[in-house]
Structure formats: C-alpha cells, structure tokens
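Have a look at the structure below before the remarks.
Chain identifiers are assigned alphabetically (A, B, ...) following the order of the sequence lines, protein sequences preceding nucleic acid strands; residue numbering begins at 1 within each chain. Only a predicted model underlies this, so the values are computations on that prediction, with no experimental measurement involved.
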Amino acid sequence: MLSKQQIAQRIAREVKNGQYINLGIGIPTLVANYIPEDLEIVLQSENGLLGIGPFPTEEEIDPDLINAGKQTITMVKGSAIFNSAESFAMIRGGHVHLTILGAMEVSENGDIANWKIPGKMVKGMGGAMDLVASAENIIVAMQHCSKSGDSKLLPECSLPITGIRCVKKIVTDLAVLEIHPDGGFILKERAPGVSVEEIQQKTAGKLIIEGEIPEMTF
Amino acid sequence: MLSKQQIAQRIAREVKNGQYINLGIGIPTLVANYIPEDLEIVLQSENGLLGIGPFPTEEEIDPDLINAGKQTITMVKGSAIFNSAESFAMIRGGHVHLTILGAMEVSENGDIANWKIPGKMVKGMGGAMDLVASAENIIVAMQHCSKSGDSKLLPECSLPITGIRCVKKIVTDLAVLEIHPDGGFILKERAPGVSVEEIQQKTAGKLIIEGEIPEMTF
Amino acid sequence: MINKTVKDAREAVKDIPSGAFLMMGGFGLCGIPENSIAALLERDIKDLTIVSNNAGVDDFGIGLLLKKRMVKKMISSYVGENAEFERQLLSGELEVDLIPQGTLAERVRAGGAGIPAFFTPAGVGTEVAKGKETREFDGKVYLMERWLRADFSLVKAWKGDTAGNLVFKGTARNFNPMMAAAGKITIAEVEELVPAGELDPNQIHTPGIYVQRIFQGENYEKRIEQRTTRS
Amino acid sequence: MINKTVKDAREAVKDIPSGAFLMMGGFGLCGIPENSIAALLERDIKDLTIVSNNAGVDDFGIGLLLKKRMVKKMISSYVGENAEFERQLLSGELEVDLIPQGTLAERVRAGGAGIPAFFTPAGVGTEVAKGKETREFDGKVYLMERWLRADFSLVKAWKGDTAGNLVFKGTARNFNPMMAAAGKITIAEVEELVPAGELDPNQIHTPGIYVQRIFQGENYEKRIEQRTTRS
C-alpha cells in the first residue's frame with residue numbers, strides 16, 4: 001500500500017517537460033515535492049499565479065501571496081500574476097496541460113465527484129468544475145476505499161458529480177488505473193505487495209486486467 | 001451656416017462634468033478643443049487609452065502612442081492603457097457616457113449609416129458598430145446635406161446601416177436636432193442666419209417644429 | 001482628470017441600502033475590502049446579496065456581516081471556512097448560490113463588459129446545469145451562463161490614484177478587477193492613494209473609468225488563513 | 001521555468017505552412033510584429049488567412065504580404081489605408097470578413113479563454129447580423145458571435161522574458177494580448193528580451209503560458225501613419 005507521499009511520488013512520474021500544471025489541495029499539492037529537478041514545469045494556482053515556488057520562510061511570508069488552498073507561498077523566477085477571469089481563461093482555454101486533484105468517487109466512465117455530500121457538506125466546488133471540464137489531462141489522487149471501507153471506484157458516482165467523462169488516470173494507495181474509452185478501470189500497476197485480487201475486490205466498478213500487472217517500484 | 005469648428009464648438013456644450021467620452025474621426029476630434037477647462041472629463045481612444053492629451057510636439061512624438069485615427073498623441077496625467085478587449089468591454093458595458101461620431105446618413109428613428117458605400121467604399125466599420133450599439137448617449141456631427149446637395153436626414157437610411165435606433169442628437173452646419181422616440185427630427189436650434197424654412201427644405205425625413213426655434217449664438 | 005476621492009470608508013458606503021446587490025473582491029481573506037466591510041458593519045442595513053468567491057471566516061471578512069445577520073444571500077464558489085455560514089445555511093436563514101469559480105469570474109467579467117450571456121463547459125452534466133440551456137459547439141457541450149452586475153462593488157487595491165486607477169499586488173488581485181468593472185457604483189479602497197499622474201499608465205490593472213469612489217484605507221490586518229512555512 | 005527562446009524571426013516562423021490561419025497583433029502599424037512579417041515574406045507559402053484589425057499600408061506591415069499574394073483571406077475591422085488591398089478585394093482575388101472592432105477583440109479573447117460563443121449588441125439590425133442568431137436579454141437584442149482561434153499568432157511586445165512573459169508599451173498593446181492567448185503556437189517578438197525573473201510578476205500583461213516561442217527583434221521601424229503635432 002502506498003503512503004500519501006508515495007501516491008504523490010508516483011503521480012510525479014506522469015509529469016512531462018514543459019507542462020503547465022494545476023495541483024489541487026491535499027495529496028496533489030505534495031506532487032510538487034517529487035517532480036525531477038531537470039524538468040522545466042510551471043505550477044498554476046487558480047487564484048491568479050503562474051510559477052508557485054516553495055513555502056516561504058518566516059521572513060518571506062506575504063499575506064498578499066497565497067495559493068488556492070489559502071496557504072502562504074512564494075514565487076519562482078519568471079512568475080506572472082493575473083486576475084481570476086484570466087486564470088480561468090487559461091484553464092478553460094486548454095492552456096493548462098495537466099490537472100491533478102483529489103476525489104471522493106470516480107466512475108468507470110471517468111466521471112468524478114469531489115465537491116458535495118448532500119445534507120453533510122456544503123463547501124462548494126471552488127475551481128474544480130472548471131478544471132475538470134477543461135484540462136486535457138486529469139489525474140486523480142485518492143485512497144482506493146473510503147474510511148468505512150467502501151470502494152471509491154464505482155460503476156456510477158453516487159455523490160453529486162463535479163464533471164463527466166473527464167478523468168484519464170487514477171493513482172490510489174493500491175494501484176494505477178486508466179479509464180477505458182468505452183468504460184472500465186484498466187489496471188496498469190499494483191502497489192508493492194498488493195495483489196490483483198485485492199484490487200479487484202476493492203474496485204466496485206468494472207476492472208479491466210490485461211496480461212501481467214507490474215508492481216510499482218520506488 | 002456653421003463651420004466645422006462651430007459644429008464642434010456647439011457639440012462641446014453637450015459635454016457634462018465627469019463624463020468619459022469617445023470622439024470619432026473628423027469633426028468629433030475637434031470637439032476636444034472646445035470643452036471648457038473647468039469640466040473634468042476623460043477622452044477614450046478605442047485602441048486602448050483613457051486620457052488622450054493634446055497632439056505631441058516634435059520631441060514628444062512616440063510611435064507607440066496613437067489614437068484610433070492613427071494620429072500621434074500624448075497622454076494626460078492619470079491616463080490608463082489597456083488592450084482592445086478591455087477597451088470594448090468598457091464601451092459595451094456602458095462605461096463610456098458619450099460617443100460623438102460622424103455619419104453619412106441618419107434616419108428619423110435614429111438609425112445611422114457611416115461605414116460603407118456599396119461598390120464604392122469598403123473600408124470597414126472599425127469600432128463604430130460597437131460604439132453605437134452601446135453608448136447611452138450618441139451625438140452625430142455632420143453636414144446637413146451631401147456634397148451633391150442631398151439631405152442626409154432621411155426617413156430611412158439608404159446606405160448599409162451601422163446601428164439601429166441609437167442616435168440621440170444631431171448637430172449639422174444648419175441645426176441642432178433630436179430624435180423623437182416615436183420617430184422624427186425635433187428641430188431644437190438654428191444656425192445663425194439659417195431659417196426654419198431652409199432646414200425644412202433640406203431635411204428629407206420628418207421634421208418636428210414646436211414653437212419658436214432659437215438661433216445658436218457663439 | 002476626474003477626481004473620485006472620498007474621505008473614508010464611512011463616507012464611501014453611506015448610501016448602500018438594505019436589499020442592495022453587492023460584489024466584494026478577495027480570495028479567502030486575501031485582497032478583501034477590509035475598511036469597507038468594517039464601515040458596512042456600522043450601518044443599520046440588511047437583506048444584502050453578496051457576490052464573493054468566499055464568505056470570510058467566522059470572525060473576519062464577510063463572516064462579520066453574516067454574524068450580524070445583514071446578508072440574505074451569498075453567491076460564491078467556496079464557503080468552507082465558516083461555521084456560522086454553514087449554520088445559517090442549514091437552518092434556512094441564508095440563501096446560497098454556489099457557482100464554479102471560473103464561471104463566477106467570467107459572469108462578473110461579462111457584467112462589466114456588456115456581454116449578457118456566454119457559453120462555458122464548466123458544470124455540464126452536474127447539478128449546476130439544472131435549468132440551464134446546453135448547446136454543442138464543435139462536438140463539445142457547453143452551458144449558457146448569464147452576466148452578473150452589482151449595485152455596488154467593494155474592491156481593494158494596493159495603490160490607487162485620485163482618478164480611480166488601481167494597481168494590485170500579488171494574489172490579492174483575484175476577483176477585484178472584474179468586480180470593479182461590474183459595479184454601477186464601485187468603491188475602491190487602497191493602501192496608498194497618490195495624485196493622478198503618479199502611476200505608470202502602462203501598469204494600471206483597473207482603469208479609473210470603472211471606479212466611482214476611492215479612499216485610502218487604514219489599519220489593514222491582512223489576516224492569513226493558512227500560515228505555511230518551510231523549515 | 002520553461003524556456004521559450006528561439007534564435008530569430010526566421011527560426012520562429014519556419015514551420016508556418018501554406019493555408020495557415022494566422023493572427024497578427026497591431027492597430028494600424030502600431031504594435032505590429034515587424035520581424036515576423038519580414039521573415040514570413042521570405043517563405044514560399046500562400047493562401048494564408050490573417051486575423052488583424054487592419055491590413056497594413058501598401059508598402060509596410062501586412063500590405064507586404066498582400067503585395068506578394070500570400071494572403072487568401074483577411075478578417076479585419078478597418079482596412080481603409082491600403083490601395084492594393086482594395087484592388088485585390090474588388091477584383092475578387094482576396095476574401096475579406098469585416099467585423100466590428102469590439103466583436104473582433106472579444107471573439108479573439110473568447111478563443112483564448114475557451115468560450116465558444118457569446119452575445120454582443122454590436123451589429124444588431126445591420127448586415128453584420130446576417131445568418132447570425134439573435135436573442136433578447138433584459139429587453140435588448142444581441143447577436144451570438146463565435147470564438148476565433150489561430151494556428152499561429154504573431155505578436156509584438158516591448159519587453160519579454162525567456163519564460164514568454166510579455167510587457168507592452170502604450171497603445172502598441174491593442175490586440176496583441178488576446179491574440180497571444182488565442183494561438184495554438186504563439187510567436188512573440190520583443191524589443192528587449194530579458195532572463196526569467198527580471199520582470200515584475202505583478203506587471204506582466206501576457207503570462208508566458210500563452211507564448212510558445214519568443215525572440216528579440218531587431219531594426220524596428222515603427223512607422224507612423226499620421227504624424228500629427230501641435231505647434
């Protein structure tokens with residue numbers, strides 16, 4: 001089973017040179033720590049920044065410089081600041097190549113639910129609906145099962161969805177999976193020590209297993 | 001009969017304190033010379049400037065600073081530069097209070113034609129269609145008749161129109177006229193030495209004459 | 001050049017009536033109009049509708065207006081930081097429209113730009129699409145969304161001049177420029193107010209045409225929600 | 001930070017094919033991509049479609065491409081300064097779409113912003129409205145207009161950095177920022193190219209994400225169309 005850090009580390013391998021990337025709150029934020037230094041990439045923050053740098057030192061803290069999770073941040077060299085309309089113009093216009101975000105549920109046709117639990121949670125969708133409707137490549141980082149043990153990879157989402165047919169790849173604590181164009185989770189890799197059987201058992205949606213499934217190495 | 005300068009001078013009296021104003025090419029540009037100095041107004045240039053100043057001296061000329069007529073200009077204190085989308089956002093959004101422009105024809109319901117003569121002239125509409133569709137107050141500056149002596153105030157425009165039901169007021173070399181909401185040119189003022197009869201004779205559209213028509217003074 | 005200066009926040013917000021439709025800049029607590037909110041709190045008005053990406057926190061920002069029950073409706077994209085907000089919402093005291101953040105930004109931008117409606121892919125197939133026209137362009141489905149315009153927009157900038165030109169700093173810019181353009185009356189508070197002519201015309205983020213009132217604010221707290229540092 | 005630098009104009013435009021859909025910044029001759037146009041002139045390509053507010057003059061700017069018969073179609077708002085243009089148009093050698101300037105700016109902006117269509121009042125009741133959907137919102141009639149996107153956008157800025165961030169000067173800004181965002185491949189030429197980190201992030205007009213290639217131009221003529229002075 002992968003730790004949160006390992007999920008982030010595995011996702012970082014999907015990053016390609018020259019990409020502009022939006023990282024969601026939680027595990028996706030950790031991805032930044034594992035992107036190889038020789039790749040030139042730019043992190044976008046949808047509240048209006050291209051070029052997120054590391055968290056600041058105490059002395060560097062600037063209340064006028066936060067990320068979309070409201071955390072204080074710094075800027076790398078070559079950054080640009082812009083307003084929220086421009087930020088989502090960038091996202092909606094397909095200029096951001098890769099979006100990595102968390103999810104409560106993903107369906108076997110690539111629908112994602114991550115913004116609302118009726119009667120329980122009413123925080124709002126923030127920028128997630130714009131991101132999933134727009135990015136050309138969307139990778140979900142999440143636990144394979146909920147805390148109560150229910151699979152989060154479903155035939156259909158049970159929660160209100162954030163976007164339809166948009167997720168391309170899912171990295172969980174158990175596996176790496178891709179969405180098949182005709183529906184279904186294609187099992188690509190297993191976490192170290194996790195069997196195909198366990199993944200099958202914990203995947204409620206259709207799981208597609210073709211040939212030998214390699215184990216991830218770290 | 002008014003000279004071009006006098007037409008501009010008369011239009012300048014329509015300007016109110018605090019207005020943002022777009023001046024078209026030709027006579028409208030001259031209006032700037034007659035706006036009383038105690039009025040605080042701002043001139044917008046649709047190629048991306050609020051705060052047009054006087055023409056430059058030879059030393060001040062900057063090829064990167066022109067008005068919509070492609071003339072070199074200067075900026076007043078407190079100016080702002082913006083892109084073309086923002087410029088027309090400003091116009092379309094109703095933030096520019098007054099547009100003054102020339103016309104080939106105006107109809108009695110306020111239609112204006114000023115961009116095309118089929119088979120003869122294919123210069124394009126530039127920003128005129130956006131301006132007339134958007135400004136809350138539109139004043140036309142033009143000669144009452146064409147060079148061949150035909151009235152330019154018509155029942156209906158004969159040329160391709162630039163906008164419908166948009167002109168509020170017309171200042172010609174002969175008269176000041178307003179458009180009646182139900183159609184018709186309301187004669188408000190005569191040029192010095194010009195009779196109501198002459199104006200009537202040179203106005204092809206419906207002319208509304210109510211009471212004594214005062215003569216303009218300069 | 002037209003002078004937009006007013007004395008202070010109290011003067012700037014004195015005619016905002018009960019029932020007004022307001023926009024307030026800011027993302028989280030970053031770039032919010034602190035002074036105008038404080039002056040509004042002194043006013044005896046209610047039933048406000050507020051367009052703002054977030055709803056402040058319990059004891060700061062829009063949260064203060066919520067606590068004083070001055071707000072009838074919030075139009076926002078994310079409101080997760082505010083327990084009082086959640087209580088009023090679940091009890092039915094407060095109406096809330098939740099809108100995708102990019103759609104919110106674009107609807108406000110459209111309001112200022114005289115675009116009554118536009119199409120966006122955000123929310124297609126979700127409950128956000130309920131009751132909205134959908135349409136396919138070049139093989140992809142979009143929702144039609146309408147503009148948003150406000151009676152009063154309350155924005156906060158870093159620097160401003162007496163002509164109403166504004167310059168923002170860092171991610172405190174966020175929704176402020178679009179909201180400035182979408183308000184019938186836009187009230188701008190700035191950390192530093194300078195005479196017209198001192199700001200570089202090439203570096204203005206919000207041209208003064210959008211601003212009706214401007215004042216120099218004071219005692220900015222600029223509270224940080226998630227103070228995060230590296231070791 | 002991603003480095004977008006290419007050697008020169010020739011390198012930047014070398015893969016633009018015949019039949020390409022191009023956008024070119026500029027208003028009149030102000031802010032046009034002089035170097036890229038010169039490099040295009042050396043290429044043996046034709047049937048270009050060019051979106052540009054104007055069409056240059058007979059012997060400068062896009063006028064040079066017209067004279068060499070490289071252009072199949074112009075999409076512009078005002079083309080009055082160019083006799084060769086008028087000749088080709090009247091003889092049927094050149095196609096022209098004339099579009100209201102604000103609609104042109106907004107269609108290009110929409111292309112970059114992923115907005116496939118929007119409504120504008122410009123052109124209602126005129127021949128521009130022919131074949132277009134009209135629709136009433138709040139008692140006013142609007143036209144539906146579609147986005148414009150380009151295979152290549154050629155823009156010109158004052159300063160730029162190796163990350164592709166651009167800063168414009170004066171009214172040479174005009175259509176350049178929207179076109180930069182609406183191009184699949186955007187080629188930016190700048191008067192001064194600096195290393196990433198030298199430009200103030202708060203003062204970037206076009207973020208580098210929109211720019212795929214950048215180079216420092218040379219020998220800018222910046223021809224003035226209407227040299228007008230006061231005595």
With heavy-atom distances below 4.5 Å as the criterion, would you say the side chains of Glu106(C) and Phe88(A) are in contact? no
If you look at every heavy atom in Ile161(A) and Gly125(C), which pair is closest and at what distance? CD1-O, 3.3 Å
Side chain, backbone, both or neither: which part of Ile99(C) has a heavy atom under 4.5 Å from chain A? backbone
Could you tell me which portion of Asp111(A) (side chain, backbone, both or neither) has an atom closer than 4.5 angstrom to a non-hydrogen atom of chain C? neither
Of all of Ile73(A), Leu49(A), Ile66(A), which one pairs up most often with chain C through heavy atoms under 4.5 Å apart? Ile66(A)
What residue in Ser45(A), Ser87(A), Ala68(A) has the most heavy-atom pairs under 4.5 Å with chain C? Ala68(A)
Between Glu225(C), His205(C), Lys140(C), Arg223(C), who has the most heavy-atom pairs with chain A when the cutoff is under 4.5 Å? Glu225(C)
Minimum heavy-atom distance Lys70(A)-Phe27(C), with the two atoms named: CE-CE2, 3.9 Å
Donor-acceptor pair, Asn83(A) side chain versus Met178(C) backbone, under 3.5 Å? no
Quick one: what part of Ile91(A) sits under 4.5 Å from any heavy atom of chain C, side chain, backbone, both or neither? neither
Residue Asn82(C) versus chain A: region with a heavy atom under 4.5 Å: neither
Highest number of heavy-atom pairs under 4.5 Å with chain C among Arg92(A), Arg165(A), Lys123(A) belongs to Lys123(A)
To the nearest 0.5 Å, tell me how far Trp115(A) CH2 sits from Thr126(C) OG1. 7.0 Å
Find the one option among Gly80(C), Pro100(C), Ala55(C) whose heavy-atom pairs under 4.5 Å with chain A are most numerous. Pro100(C)
Please classify the contact of Thr162(A) with chain C as side chain, backbone, both or neither, using a heavy-atom distance under 4.5 Å. backbone
With a 4.5 angstrom heavy-atom cut-off, is it the side chain or the backbone of Glu221(C) that approaches chain A, or both, or neither? neither
dist Leu65(A):CG -> Lys169(C):NZ (nearest 0.5 Å) comes out at 7.5 Å
Among Gly28(C), Gly102(C), Ser76(C), Gly31(C), which has the most heavy-atom pairs under 4.5 Å with chain A? Gly102(C)
Applying a strict 4.5 Å limit to non-hydrogen atoms, the region of Arg227(C) in contact with chain A is both
So which atom in Gly124(A) and which in Tyr78(C) form the shortest heavy-atom distance, rounded to 0.1 Å? O-CD1, 3.5 Å
Contact leader toward chain C among Gly126(A), Pro160(A), Ala85(A), where contacts are heavy-atom pairs under 4.5 Å: Gly126(A)
Which one of Gly123(C), Pro121(C), Ala172(C) has the most heavy-atom pairs closer than 4.5 Å to chain A? Pro121(C)
Out of curiosity, Glu60(A) CD to Arg230(C) CZ, how far, rounded to the nearest 0.5 Å? 4.5 Å
Could you tell me whether the side chain of Thr103(C) reaches within less than 4.5 Å of the side chain of Met129(A), counting heavy atoms only? no
Specify which of Gly127(A), Ala128(A), Pro63(A) makes the most heavy-atom pairs with chain C at under 4.5 Å. Pro63(A)
Can you tell which part of Glu86(A) gets under 4.5 Å to a heavy atom of chain C, answering side chain, backbone, both or neither? neither
Is it the case that the side chain of Thr229(C) and the backbone of Glu58(A) share a donor-acceptor pair, with hydrogens and angles ignored and the cut-off at 3.5 Å? no
If every non-hydrogen atom of Ile81(A) is compared with every non-hydrogen atom of Gly170(C), which pair is closest and at what distance? CG2-O, 3.2 Å
Among Pro56(A), Ala133(A), Ser134(A), single out the residue with the greatest number of heavy-atom pairs under 4.5 Å to chain C. Pro56(A)
Side chain Asn174(C), main chain Gly48(A), donor-acceptor under 3.5 Å: no
Nearest 0.5 Å please: distance from the SG atom of Cys30(C) over to the CG atom of Asp62(A). 8.0 Å
